[in-house]
Each structure stands twice: as C-alpha cells, then as structure tokens.
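The next block holds one structure in the form of structure tokens; read it before the comments.
Naming convention: chains lettered A, B, ... in sequence-line order (proteins, then strands); numbering from 1 in each chain. Computed from a prediction, not measured in an experiment: that's the story for all the values here.
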Protein chains: 2
Amino acid sequence: MDFDNNNLSQNKMLNEFDIFKDFLQQKNLRWTPQRKMILEIFLSFDGHVDIESLHQKIQEQDPSLGIATLYRTLKILVDCELVEAHSFHDGKKSYERKFRVQHHDHLICTQCEKTIEFEHALIEKYQIEICEEYGFTLKSHKMELMGVCENCRKE
Amino acid sequence: MDFDNNNLSQNKMLNEFDIFKDFLQQKNLRWTPQRKMILEIFLSFDGHVDIESLHQKIQEQDPSLGIATLYRTLKILVDCELVEAHSFHDGKKSYERKFRVQHHDHLICTQCEKTIEFEHALIEKYQIEICEEYGFTLKSHKMELMGVCENCRKE
DNA sequence: CTATATATTGATAATAGTTATCAATATCAA
DNA sequence: TTGATATTGATAACTATTATCAATATATAG
C-alpha cells in the first residue's frame, strides 16, 4: 500500500518525515499511515501542542485512530529528537517541535496562558558557565518566565 | 487543646508558622495539629520534596494522618506563598520552600537526578528586560539546566 | 509476487497521582 | 460551654498515561 503520496524522501534536503522514517528503520520500527498522520498534524500546529488538541484534530481526519497510538507515536518522536516534551505547571504535558527550530525559552501569561518564545544569547552563555562551575555537561535547558501580559493587565 | 507547645507567635520575627496561621485566620480556615505537623516536616527538608517523601516521614510520626490532608495542606501552603510547586519532567510534582529563601534555579543531572540550586544576578536582570520588551510584568520564573554531573560522566 | 516473521493497531484494562465525597470530629468565636 | 462550621481520614472517583492482547499491516527474504 502506497500511502506516501508526497514521496517526501525524493527531496534532497532532510525534513522531518525523512528523519522519522530513518529513525524508524534504524530501530526496526515501521512506517505506518497512523505515524505519518500524527507527524503531519503535529507539524501543522505552531508552538506548543497538548495531547488533547492533537487528538481532537486527528479525530476530524480519522476517528478510528486510537489515543494509545497517539501517545506511542509521540514517545517515538521524542526519542528521535523531533519533538520535545514539556510539563507545565498544571501537570499536563505538552509537546513542541524541535528539529530545525532554534532552542527557545518561554514567556507565559499566568492569566490568559498566552505564550511567547524568545532567546537571549547572553543568558545562554551564562548557563554554560554555571554548568562548568559545577562540573556539569549541559545537555538542554528550559526557562519559563511567568507574568501578566499587557492585555490581561488592562482588564 | 494546646498543641502549639512552641508558642511560636511570641517570637517577634515573622516565621513560617505565623505566616501560615495568619493566612488561615484571614481565610477563615483553622489551625490544626495536622497542618502544624505537615509544615514542620516540610520545613525539615532541604530543597525539593515530593509528596512521597513527605508522606513517608509523616507516617513515621503519625500514621493516622491521611494522604488527602497532606495534599490539601500543601495546596494551602502554596496559596499563601510559603511553598512553591514545581512539575519536573517525569510528571511528578515537587514542592519547595519559598519564604525567606532567595529564588534559585536548578541544575539537574539527567542520570542520577542530583539537583543543584544556583542563582545568577545577570540572568535575572536579562529576564526582567525580556519581560519589559514584550510588555509582561514578571511574577516568577523557573530555569532548569539539564546535564550530566561529574560523577555520572566518570561511570 | 508471495509467504512469513514480527511490529503495529485499536479497544480497553490497569496504573499512578491527585481530587471529591461524606459522616464523624475538632476548632473557634460568642 | 455551646453551636456553627471547618477539618479529618477513608475511600470512591477522576484524569492522564501506559500495558495487554488478539487481529491486522508492514517489511523482507525468497
């Protein structure tokens, strides 16, 4: 069955689908229509997505796709480093596109939950210094600034 | 019944117990032996504590104290800003003393889970600048640097 | 192209952490 | 001391996530 109509692998530049396929092959896992659809829908979101939103959008396209498959696929996507998992204050996990996206930190409005992504070169520099000071090898980091945005302050 | 042997409120300087009592009174809540014990045991820990560790230590002193009371009390302590709740990568919540403790960020070993707390004045300064730039009023922040510590690297 | 080994799927049971319910009890203000 | 009501512990309920399993789809060797 040829469900891969886009035939993305003909594109010389590596994209998320190729990376995912390669990873699956490497690990002796299989490229399935469900996994393709989940990655497609995941990429159609900007910024952060939670399971609920993903599941909802998937249901619209294919109501037969089970929630367990969604969880399983996201776990693989995290393993192959295309996706990053976050756990925010409310305990719910959210997922974020990682590949070819510069690392970024988050500015979160505690009232409307609006989230802005940013980065700051000097902060990154100091992070590395701090790690060296304590003998750590830095692998990744997460910074969240919680505050109230302009709009919410007006109300 | 006078379970408050320490009579902490006679101490002129505000401490966690007074703050907690005041908060309870303000909100028309009651000062109970269970709440006192939970705060005591919470304060006896350094740095981060999770529910499990707290519950275990509480069981040693008073096996009759229910887990629901522990959750309820921690929620109040967070409300009155004596305690800060974090949710780390594994989805489990942990709690951290907040009052009279300088804010600090975390350096976490992804292998042994060892956690070091640190702060950096310039990073804090830049955080404020970033917030201003986006029109946010900064309320709190969280920074986690994930890496591998010296010991784990040797193994 | 076909056969075969095995990875994957969806449904659902199971689990873990947390919260809600409720009757008995403790607190606290008058 | 009393009475209104907040609190407690036990436990049911709930939510998010993971494990189980039989049916099915995929990849690969021939």
Side-chain angles (χ1 to χ4, degrees), chain A residues 1-4 9 17 20-39 41 48-56 58-59 61-80 83 85-95, chain B residues 1-4 9 17 20-39 41 48-56 58-59 61-80 83 85-95:
Chain A
M1 180 191 178
D2 181 19
F3 52 81
D4 189 358
S9 48
F17 292 89
F20 193 25
K21 278 189 208 168
D22 286 353
F23 183 84
L24 293 173
Q25 194 164 43
Q26 245 180 56
K27 300 271 181 178
N28 200 27
L29 306 173
R30 287 167 189 179
W31 177 236
T32 68
Q34 290 88 345
R35 286 177 179 168
K36 178 172 181 256
M37 176 184 289
I38 289 169
L39 178 53
I41 291 183
H48 296 270
V49 209
D50 56 18
I51 294 280
E52 208 185 326
S53 315
L54 274 171
H55 190 223
Q56 201 175 314
I58 286 166
Q59 291 293 80
Q61 271 189 245
D62 178 3
S64 73
L65 203 157
I67 186 90
T69 299
L70 176 53
Y71 277 105
R72 282 186 289 235
T73 303
L74 279 169
K75 192 168 283 184
I76 300 172
L77 285 167
V78 169
D79 275 353
C80 82
V83 170
H86 297 271
S87 65
F88 284 113
H89 208 76
D90 59 356
K92 284 187 186 174
K93 271 185 189 162
S94 80
Y95 296 87
Chain B
M1 180 194 180
D2 180 21
F3 52 81
D4 190 357
S9 47
F17 291 90
F20 193 24
K21 278 189 209 166
D22 286 352
F23 182 84
L24 293 172
Q25 195 163 42
Q26 243 178 57
K27 299 271 181 178
N28 199 28
L29 305 174
R30 290 169 185 175
W31 176 236
T32 68
Q34 289 88 344
R35 286 177 179 167
K36 178 172 182 259
M37 176 185 287
I38 290 168
L39 178 53
I41 290 183
H48 296 271
V49 209
D50 55 18
I51 295 280
E52 207 185 327
S53 314
L54 274 170
H55 190 224
Q56 201 175 312
I58 286 166
Q59 291 293 81
Q61 270 188 247
D62 178 2
S64 73
L65 203 157
I67 186 93
T69 300
L70 176 53
Y71 276 105
R72 283 187 289 238
T73 303
L74 279 168
K75 194 169 283 183
I76 300 172
L77 286 168
V78 169
D79 276 352
C80 83
V83 170
H86 297 271
S87 66
F88 283 114
H89 208 77
D90 59 357
K92 285 187 185 174
K93 271 184 188 160
S94 81
Y95 297 87

Can you tell me the distance, in whole Å, between the CG atom of A/Leu74 and the P atom of D/dT18? 10 Å

Hey, does the side chain of B/Gln25 come within less than 4.0 Å of C/dA29's phosphate (OP1/OP2), counting only N and O? yes

Rounded to whole Å, the CG-P distance (B/Leu70 to C/dA16) equals 18 Å

Pairs: protein N or O with nucleotides 6-8 of chain C N or O, under 3.5 Å:
from, atom 1, to, atom 2, distance (Å)
C/dT6, O2, A/Arg30, NH1, 2.9
C/dT6, O2, A/Arg30, NH2, 3.4
C/dA7, O4', A/Arg30, NE, 3.3
C/dA7, O4', A/Arg30, NH1, 3.2
C/dT8, OP1, A/Arg30, N, 2.7
C/dT8, OP1, A/Arg35, NH1, 2.3
C/dT8, OP1, A/Arg35, NH2, 3.2

Would you call B/Val83 and B/Phe20 a side-chain contact if the rule is heavy atoms closer than 4.5 Å? no

B/Tyr71 side-chain N/O to C/dT18 phosphate OP1/OP2 under 4.0 Å: yes

At their closest point, which heavy atom of A/Lys36 faces which heavy atom of A/Phe17, and how far apart are they? O-CE2, 4.1 Å

Say you draw a straight line from CG of B/Leu39 to CG of B/Leu77; how long is it, rounded to the nearest 0.5 Å? 5.5 Å

d(CG, B/Asp50; C1', C/dA16) in whole Å: 13 Å

Whole angstrom is fine here: how far is it from NE2 in A/His55 over to P in D/dT18? 15 Å

Would you say that A/Ile38 contacts A/Leu65 through its side chain, given a criterion of any heavy-atom pair below 4.5 Å between the two side chains? yes

Within this structure, what is the CE-to-C1' distance between B/Met37 and D/dG9, rounded to whole angstrom? 14 Å

Comparing B/Leu65 with A/Lys75, nearest DNA chain D nucleotide closer to 5' gives the residue B/Leu65

Between CD of B/Glu52 and P of C/dT18 the distance, given in whole Å, is 10 Å

For A/Gln59, does the CD atom sit with more than 12 other heavy atoms under 6.0 Å from it, leaving out its own atoms? yes

When B/Ile67 and A/Pro63 are each assigned the nearest nucleotide of DNA chain C, the 5'-most assignment goes to A/Pro63

Interatomic spacing from CD in A/Gln34 to OG in A/Ser64 - rounded to 0.5 Å: 7.0 Å

Between C/dT9 atom P and A/Ile58 atom CD1, what is the distance in whole Å? 12 Å

Heavy-atom side-chain contact between B/Ile76 and B/Arg35 under 4.5 Å: yes

From CG of A/Asp62 across to C1' of C/dG10 the rounded distance in Å is 11 Å

